[in-house]
Amino acid sequence: MVNSKIQAAEENLIHVYNRFPIALDHGEGMYIYDTEGKEYLDFAAGFAVTGLGYNNRELNEALKAQIDKLYHISNLYYHESCGEAAKELNRVSGMDRVFFTNSGGEAIEGALKSARRYAYTKQSGRYEFIAMENSFHGRTFGAVSVTGHEAYREPFEPLVPGVKFAKFNDLDSVKALVNDKTCAIILEPLQGEGGINLATQEFMEGIRAICDENDILMICDEVQCGMGRTGSMFAWQGFGVKPDIMTMAKAIGNGIPVGAFAMTEKVAEYSLKPGDHGATYGGNPLACTAVKKVLEIFERDDIVGHVNKVAPYLTAKLDELVEEFDCVVQRKGKGLMQGLEISRPLAEVNNRAIEEGLLVIQAHGNVIRFVPPLIVEEKHIDEMAEKMRRILRQ
Ligand SMILES: *Cc1c(COP(=O)(O)O)cnc(C)c1O
């Protein structure tokens with residue numbers, strides 16, 4: 001199976017990914033095809049990115065048209081779609097001010113800087129961050145500093161100082177870390193990489209209360225769980241617990257590299273000022289066209305409504321697998337961001353999945369993650385479940 005394209009990659013790239021020996025070529029809807037023509041049913045969406053699936057003609061046309069006009073200018077000027085993309089993203093996210101980045105990690109950097117800048121203006125002397133065990137916020141220095149996995153942090157120490165880790169869904173462990181130096185509390189409402197762990201209502205409300213009582217900022221990392229995946233446009237909306245700062249990326253451009261951090265007016269008033277932050281590519285015409293078009297399609301086609309319609313079917317089919325197989329311990333998650341905890345080595349399951357033509361991803365805690373494009377239909381879920389049966393039977 002190892003062809004010349006794979007060989008060139010093996011010989012020239014820095015090896016930081018455990019890649020499967022396949023080279024993907026093109027996609028259509030819920031399916032991707034490799035260079036040998038083999039079909040894969042996609043329940044990974046390129047790490048929860050391609051919410052609208054592959055080869056969406058409308059999005060493609062909008063991007064192509066923008067490429068022919070202009071795809072980069074400096075941020076010293078406005079362009080046609082930066083205002084509209086920002087306005088729409090603020091409207092659906094409930095935030096007031098947004099900054100466009102090129103990735104999720106960069107969005108986290110911006111969020112952390114925004115919180116520090118808020119404390120600096122207020123001269124509160126607050127600089128510490130409380131993050132969660134099992135969290136994942138990215139690979140850049142600030143992001144890895146608040147990521148709750150020792151293995152990701154240790155080789156790169158010393159990291160950003162002033163970070164403490166609390167137990168996810170354990171309010172007392174958060175309270176024990178709060179002091180007059182605490183600047184912000186950062187969490188994913190539904191942890192992805194960390195094993196598909198959903199925050200409890202009580203935990204979300206408790207964090208909000210701690211923040212309100214102490215003028216601490218609540219940062220929700222919606223990079224993975226946002227954009228409709230949990231059955232609301234952003235996961236915090238499902239709890240009715242609004243953060244002060246939030247981060248987005250992955251699905252907001254359907255794969256065009258774009259992320260964002262956003263804040264309420266209350267934070268913006270004291271936070272970043274001209275000269276405090278920037279990104280050469282951030283919010284370029286192509287990225288903003290992607291965000292604008294993706295949001296337009298989301299609303300017109302009621303993608304969130306579709307997620308709520310189809311998610312119970314995914315839940316039911318995954319529950320069947322829990323019933324049928326001893327090696328499937330439990331189902332976790334919500335909406336179209338779910339996982340199965342398996343008692344067998346995940347690598348085995350993953351390799352078998354590739355053989356069966358199914359793309360899934362691993363998460364911590366021996367969990368197989370199911371994060372399909374949000375356009376998934378019941379027939380695709382049936383097809384996935386049948387493939388999973390064949391995979392688990394062996
Ligand atoms: C993927 C991810 C990030 C990092 O995003 P990148 O675009 O890879 O930098 C941050 N937070 C969460 C929750 C993520 O899932």
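As the structure lists them, so they are numbered: ligands from 1, and atoms in each ligand from 1. Because only heavy atoms are used, hydrogens play no part in the values below, and waters and symmetry mates are left out as well, while side chains stay in.
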Trainee: Determine whether the aromatic ring centres of residues His149 and Phe136 are separated by less than 6.0 angstrom.
Mentor: no
Trainee: Could you give all pairs that pass the salt bridge (Lys or Arg N to Asp or Glu O under 4.0 Å) test and reach residues 47-64, with sequence neighbours left out?
Mentor: Glu28-Arg57, Glu58-Lys293, Glu58-Arg300, Glu61-Lys64
Trainee: Give the C-alpha distance, both sets of side-chain angles, the deciding distance and a yes or no for side-chain hydrogen bond (donor to acceptor under 3.5 Å, both in side chains) between Thr101 and Glu106.
Mentor: CA-CA 6 Å; Thr101 68; Glu106 253 186 88; 4.9 Å; no
Trainee: Under the 6.0 Å and 45° cation-pi test, does Arg116 pair with Tyr127?
Mentor: no
Trainee: Name the residues in contact with ligand 1, where contact means a heavy atom under 4.0 Å away: which are they?
Mentor: Ser103, Gly104, Gly105, Phe136, His137, Gly138, Glu188, Asp221, Val223, Gln224, Lys250
Trainee: Check whether any side-chain heavy atom of Leu41 lies under 4.5 Å from a side-chain heavy atom of Tyr31, and answer yes or no.
Mentor: yes
Trainee: Taking the six-membered ring for Trp and the full ring for Phe, Tyr or His, determine whether the centres of Tyr152 and His137 are under 6.0 Å apart.
Mentor: no
